[in-house]
Amino acid sequence: MKIKPYGSRISLYKYNQMWREARAKQIRRDSEIHETMNRAIFTSMANFNYNKNSQIMKQAVVRVLKSI
């Protein structure tokens with residue numbers, strides 16, 4: 001005996017349609033989370049690089065000013 005999901009009144013076509021909708025929703029949510037994580041990681045890396053470069057520039061300027 002085969003078990004039909006969501007009760008016996010829903011056809012296999014309808015079940016497949018519901019499964020596809022749920023799967024699409026899950027994929028969309030996963031891609032949004034992935035995008036958010038990437039944005040957070042790369043933004044923080046860019047900020048770190050910018051701050052590090054500005055710190056190096058400040059040190060170089062101080063050295064040049066001291067040598068004059």
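Distance check, rounded to the nearest 0.5 Å: CD of E35 to OG of S31 gives 8.0 Å. Rounding to the nearest 0.5 Å places OH of Y13 at 13.0 Å from CE of M18. The CD1 atom of I33 lies 12.0 Å from the CG atom of N38; values are rounded to the nearest 0.5 Å.
One hydrophobic cluster holds both L12 and W19 under the rule that ILVMFWY side chains link at heavy-atom gaps under 4.5 Å.
With no hydrogens or angles considered, a side-chain donor-acceptor pair links Q26 and R23 at under 3.5 Å.
Contact annotation: the side chain of Q17 approaches that of E21 to within less than 4.5 Å [non-hydrogen atoms, C-beta and beyond].
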